[in-house]
J.: 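Have a look at the structure that comes next, please.
These numbers were taken from a predicted model, which means no experiment stands behind them.
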Amino acid sequence: MTGKCSPRHAAAILAGVLVACDPAAERVPSGPDVSSSYIAAEDGTRLAADVYLPAENHDPPYPALLTLTRYRRGLEDPETGERINTLSDLDRHFLAHGYALVKVDARGSGASFGTRPVEYGRREVLDAYDVVDWVVAREWSDGAVGAYGTSYTGTTAELLAAVNHPAVRAVIPGWSDFDAYPSPIRPYGLLARGFIETWGDLVGQMDDNDVEAMGAGVARVDEDQDGSLLASAVAEHAANPDVFRAVLATEYRDDVVGGDQTWAEIGPIHWRAEIEASGVPMLVLVSWMDAGTADGTLLRFRHFSNPQKVLILASTHGGGYSASPYSVSVAPLPPQPSVDEQMEMRRLFFDHHLRGADNGVDEWPAMRFFNLGEEAYHDTEVWPPPGTTTTTFHMDSEGRLTGDSEAVTAGSDGYTVDPDVTTGPDNRWAAQMGTPILNLDDRADMDARMLTYTTDPLESDLQIAGYPVITLNLASDRDDGALFVYLEDVDPEGRSRYVTEGGLRLIHRQTVPNPYFEGEEPYHSFARADGEPMLAGEAVTLSFRLWPIAALIRAGHRIRVAIAGADAGMFDPVPADGDATLTVYRGGADASRIELPVVEGGLGGGSQ
């Protein structure tokens, strides 16, 4: 399932609607009755909102669940003007259990008025307070409000906590953007064109209400019988910046993007004080394999004081498919837990916090995480798990990776960057557009085109849980470059599986104290003042984290570190011509090495 969806289905997946890329699914039967109207924000901007009420077997008043989206809250047939049912199975699950749903187009998108100078902008975040005020004033409302979503709407669900409205009782961010610059805007300080250009084009078509491209129009509100209000709203969207061009123009994290905001001011990391002050409980769903979303989840879990329950899957973006390279190969497989189980988990969480149900949610573990390789779940109250220490492996001659630093043969290994090395079209970054994650279970062909270091077969199981840290004593013949590092598991038959990855644009190699979270290093600011060109041929020592992971490497397997200078098809090459030679130095005080977070004695038996 590597074919592209239609633009409308891409939009649906981004909005958290888990549907197949099947043309037969282009039109679905009409859904529950919906009423649609405008909500006035504090500055007078009109925001389009849809309200769905539960079936007649549920008596009012109802708790309300919000979805705050820039992906269009609802659609209509461009020829007949009739509503198209866009409710997801999750939406229907909540309606069936007595929740009212309120779906709102963010300012500058959908049928809402206004402009959006930047994604997750300050004014957009604060609009949520006015939306909640409006909701709790409805005669059907019982005064309790929550929010949920996936991807963009997962982030806005968390940001709802930042407005500190007393009616907000709980939120469920799913696969969300915690700090937008490193994930997904400019991972590693590079340009993930394969994702951001596609996404930018798509949301631009949405904001323009491009019916021809999208296959459907954004739904009008009920009072807008002739479409004049929608036309006026869409006309205001013309002032929205082109997202991809804005990303191209802002290389550094402290560059101003729009509305006087920098990338550093985008996302929940910037709103930490407000989110913590709210005390709003969160249920967080995320995947080890999905962009950098697990990183944000662990930072929030370790440093935000809000009550949290966390489920870390090995899934695609949105939880629709499994993404573990130990079980998934060329075709997608169902996720663990199932989509139905994920839905019910969300419903129980809201029942507890919005309705006061004594249903055991308080007894859930603080975190349940999937352990790759074992293909099982484990529970923990802290991260990293108890007993986690650091095990270091050093780069050695002839492509060896050794735990004995004294045995390393000093020297160097040259690598001419292969510009066609790739993680393929179905990787952790492409998954942000709703595609499955595939073909990471046999990396032999790519390994042969990278600089690799591999251990001897392990004598006993090795349990990784946390952030691997790579340190390289490295030189380049260019003043800038891209660096990608992959951690792999090589089985006794020689098959290498992707475990996790990390990367860095070489001008961002300087490390600085982490201004947000103590103990979360090495940290790179990606700030303009900290950027520094390489001196051709001069060795530097650089360190960075790989994305966090939990993985069991079995006895008899080998650990491999694979180094590349490109991920073709996803990241723009640096330098632009893709031509560079890297030199990795071994041995000495600044020895090239990888530090693995290892749980001594393992995690014990897991569960499905």
J.: Please determine whether the number of non-hydrogen atoms from other residues, nucleotides or ligands lying under 6.0 Å from atom CG of Asn57 exceeds 12.
T.: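 Above 12, so yes.
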J.: Does the distance from a Lys or Arg side-chain N to an Asp or Glu carboxylate O, for Asp295 and Arg300, drop under 4.0 Å?
T.: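 Salt bridge between Asp295 and Arg300, a charged N being under 4.0 Å from a carboxylate O: no.
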J.: Please work out whether the ring planes of Phe350 and Tyr148 are parallel, tilted or perpendicular, with thresholds of 30° and 60°.
T.: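 The arrangement is perpendicular - the two ring planes meet at more than 60°.
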J.: Output yes when Arg123 and Glu42 qualify as a salt bridge under the 4.0 Å nitrogen-oxygen rule, no when they do not.
T.: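 A salt bridge links Arg123 with Glu42.
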J.: Check ring-ring contact (aromatic ring centres under 6.0 Å, His included) between Tyr38 and all other residues, then give those that pass, not counting sequence neighbours.
T.: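 So Tyr38 forms a ring-ring contact (aromatic ring centres under 6.0 Å, His included) with Phe113.
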J.: If you look at every heavy atom in Gly319 and Gln342, which pair is closest and at what distance?
T.: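 Smallest heavy-atom distance, with atoms named: O-NE2, 3.1 Å.
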J.: Would the number of heavy atoms belonging to other residues, nucleotides or ligands and lying under 6.0 Å from CD of Glu381 be above 12?
T.: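 Yes - once you tally the heavy atoms of other residues, nucleotides and ligands closer than 6.0 Å, there are more than 12.
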J.: Roughly how far, to the nearest 0.5 Å, is the CG atom of Leu75 from the CG atom of Asn85?
T.: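 With rounding to 0.5 Å, CG (Asn85) is 10.0 Å from CG (Leu75).
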J.: What residues form a side-chain hydrogen bond (donor to acceptor under 3.5 Å, both in side chains) with His93, not counting sequence neighbours?
T.: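 Checked His93 against side-chain hydrogen bond (donor to acceptor under 3.5 Å, both in side chains); matches are Glu344.
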J.: Do other residues, nucleotides or ligands put more than 12 heavy atoms under 6.0 Å from the CZ atom of Arg245?
T.: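 At most 12 heavy atoms, drawn from other residues, nucleotides or ligands, come within 6.0 Å of this atom.
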J.: Enumerate the side-chain hydrogen bond (donor to acceptor under 3.5 Å, both in side chains) contacts for residues 160-173, please, sequence neighbours excluded, ordered by first and then second residue.
T.: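 Residue pairs passing side-chain hydrogen bond (donor to acceptor under 3.5 Å, both in side chains), neighbours aside: Asp133-His165.
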J.: Hey, could you give me the CZ/NZ distance between Phe301 and Lys309, rounded to the nearest 0.5 Å?
T.: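 If I round to the nearest 0.5 Å, the distance is 9.0 Å.
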J.: Can you tell me how far the CD atom of Glu518 sits from the CZ atom of Arg302, to the nearest 0.5 Å?
T.: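 Reported value, rounded in 0.5 Å steps: 10.0 Å.
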